[in-house]
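Comments concern the structure below.
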Amino acid sequence: MVIGEPLVEFSASTPLTEADTFHLSFSGDALNAAVAAAATGAHVALVTLVGEDEFGARLIRFAAAHGIDTRWMRQGTGSTGAYAVGADPSGERAFGYMRACSAASRMGPSDVAEAPLPETSVLLLSGVTAALSPSCAHAVRYAAEIVGEAGGKVVYDPNFRSRLTTAGTAAGMLAAIAPHAALVTPSCPGDSIPLLGTDEPFAAVQVCRELGARAVALTRGPEGVLLADGDERPVEIPAVPARVIVDQTGAGDAFAGTVAARLALGDPLQRAVRAGTAAAAVSLEGQGGTGRVATPGDIERLLGELSGTPEAP
């Protein structure tokens, strides 16, 4: 199960300062992750509110077409959120958001309580969702508590966005969710500096463990993932090289969604993380957050190439 805000996406192949042609699609961290998770073969539900408008209806159809269980995607008060992004494969991407007072920002605990949280094997949550509004923050904490207490696994991606929240507030949310989390997936240095106070990978992992997270997958872009599971020494998971980089949008979401799905399907954590690195590499080949989605065959092929032997199913 994924909880968060799907967005209408207007993406351009050039920076926003120059772009005059945009491609219409659908994205947002929650939707990107859910699409990636469903592509692995897991049963994935997305819990959210979309606007009572044409884009809201289209978003629900888009999610269903990508294999997502849409029973808890409801139309509610407010508009469907949107954003524009200018792709810049070699540098920083520029985003322009149009999500103020969106339907999803009005979600609260009563909305997510309608979903079968106690029966959820893996719940994927994001700091973006928590930053949308105080009611969304309450919904994230509520869902984490319910799933964690019921024995499910909570995966939390801090995904800090300075345009949405402050570092202090985001760090507080990470501290609140970590004790319920089977896995947290902060980025270094993007999340680690503002939320954990360090750009040193081993120190960042240690801080997350001290907050109560049972495992940490610290993502470091082309340097791969530093994975700490239990009391074992952290291990280095190499990044999977992308064949071509078209757009970086959604790569981290593809990683988180794939890892969560593979855990739900019964993979050991290290194998799930390796699959996530492959899915992230594939996502770089497409424009927009859901422009290129890794299939299980893609993942097995890339991991096989990296190790020199076919990846075991």
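Computed from a predicted model, the values in this text were never measured in an experiment.
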Taking side chain as C-beta onward, heavy atoms only, is L132 less than 4.5 Å from R99?
yes
Does T258 reach the main-chain N or O of F255 with its side chain, forming a donor-acceptor pair under 3.5 Å?
no
Could you tell me whether a side-chain N or O of R209 sits under 3.5 Å from a main-chain N or O of A213, the two making a donor and an acceptor?
yes
All heavy atoms of V85 vs all of L16, minimum pair found to be C-CD2, 3.7 Å
Verify the neighbour count for atom CD of E119: are there more than 12 heavy atoms of other residues, nucleotides or ligands below 6.0 Å?
yes
Can you hop from V293 to L59 via hydrophobic side chains spaced under 4.5 Å?
yes
Taking T120 for the side chain and P116 for the main chain, is one N or O donor matched with an acceptor at less than 3.5 Å?
yes
Do I68 and F55 belong together in a cluster built from hydrophobic side chains that touch within less than 4.5 Å?
yes
Assigning hydrophobic clusters by single linkage (Ile, Leu, Val, Met, Phe, Trp, Tyr; side-chain heavy-atom cutoff under 4.5 Å), is V47 placed with L124?
no
Report the distance from atom CG of L125 to atom CE of M1, rounding to the nearest 0.5 Å.
10.5 Å
So how far is it from L174 CG to L196 CG, rounded to the nearest 0.5 Å?
6.0 Å
Nearest heavy atoms of I245 and Q248, plus distance in Å
CG2-CG, 4.4 Å
How many angstroms lie between atom CE of M107 and atom CD1 of I3, to the nearest 0.5 angstrom?
7.0 Å
Side chain to side chain, E223 and C188, heavy atoms closer than 4.5 Å
no
Write down the atom of A261, the atom of T40, and the distance for their closest heavy-atom approach.
CB-OG1, 3.2 Å
Do L24 and E9 have side-chain heavy atoms sitting under 4.5 Å apart?
no
Any heavy-atom pair between the side chains of T185 and Y156 that's under 4.5 Å?
no
Any donor-acceptor N/O pair, T80 side chain to G51 backbone, under 3.5 Å
yes
Are side-chain N/O atoms of S126 and D157 paired as donor and acceptor at under 3.5 Å?
no
Got E236 and R220 here, is their nearest side-chain heavy-atom distance under 4.5 Å?
yes
Same hydrophobic cluster for V35 and V8, using side-chain heavy-atom links shorter than 4.5 Å among ILVMFWY?
yes
So E114 and R71, salt bridge (charged side-chain N to carboxylate O under 4.0 Å, His left out) or not? Walk me through it.
CA-CA 10 Å; E114 297 178 6; R71 285 178 288 175; over 6 Å; no
Could you tell me whether the side chain of L7 reaches within less than 4.5 Å of the side chain of Y97, counting heavy atoms only?
yes
Quick check: closest heavy atoms across P194 and P189, and the distance to 0.1 Å?
CD-O, 3.8 Å
Counting C-beta onward and ignoring hydrogens, is there a side-chain heavy-atom pair between Y142 and L117 closer than 4.5 Å?
yes
Keeping the roles fixed (side chain from S121, backbone from A264), state whether a donor-acceptor pair exists under 3.5 Å.
no
Using a distance-only test with no angle check, is there a side-chain donor-acceptor pair under 3.5 angstrom linking N32 and T290?
no
Shortest non-hydrogen separation from A272 to L263 and the atoms involved:
CB-CD2, 4.0 Å
Measure the spacing between CG of L195 and CG of L211 and express it to the nearest 0.5 Å.
10.0 Å
Pairwise distance CG(L46) to OG1(T70) - rounded to 0.5 angstrom:
9.0 Å
Is a side-chain donor or acceptor of S105 paired with a backbone partner of S102 at a separation under 3.5 angstrom?
yes
With the threshold set at 4.0 Å, does a side-chain nitrogen-carboxylate oxygen contact exist between E145 and R141?
no
I'd like to check P186 versus V216 (side-chain heavy atoms, cut-off strictly below 4.5 Å). Are they in contact?
yes
D53 bridged to R58 by N-O distance under 4.0 Å
no
Connected via hydrophobic side-chain network under 4.5 Å: V140 and V184:
yes
Residues R106, E5: salt bridge by 4.0 Å N-O rule:
no
Looking only at non-hydrogen atoms, find the nearest pair between F160 and G190 and report the distance.
CD2-O, 4.3 Å
According to the interplanar angle, ranging from 0 to 90°, do the rings of F62 and F26 count as parallel (below 30°), tilted (30 to 60°) or perpendicular (above 60°)?
tilted
What distance do L269 atom CG and D229 atom CG have between them, rounded to the nearest 0.5 Å?
5.0 Å
Strictly distance-based, threshold 3.5 Å: is any side-chain N or O of S187 a donor or acceptor partner for the main-chain N or O of D191?
yes
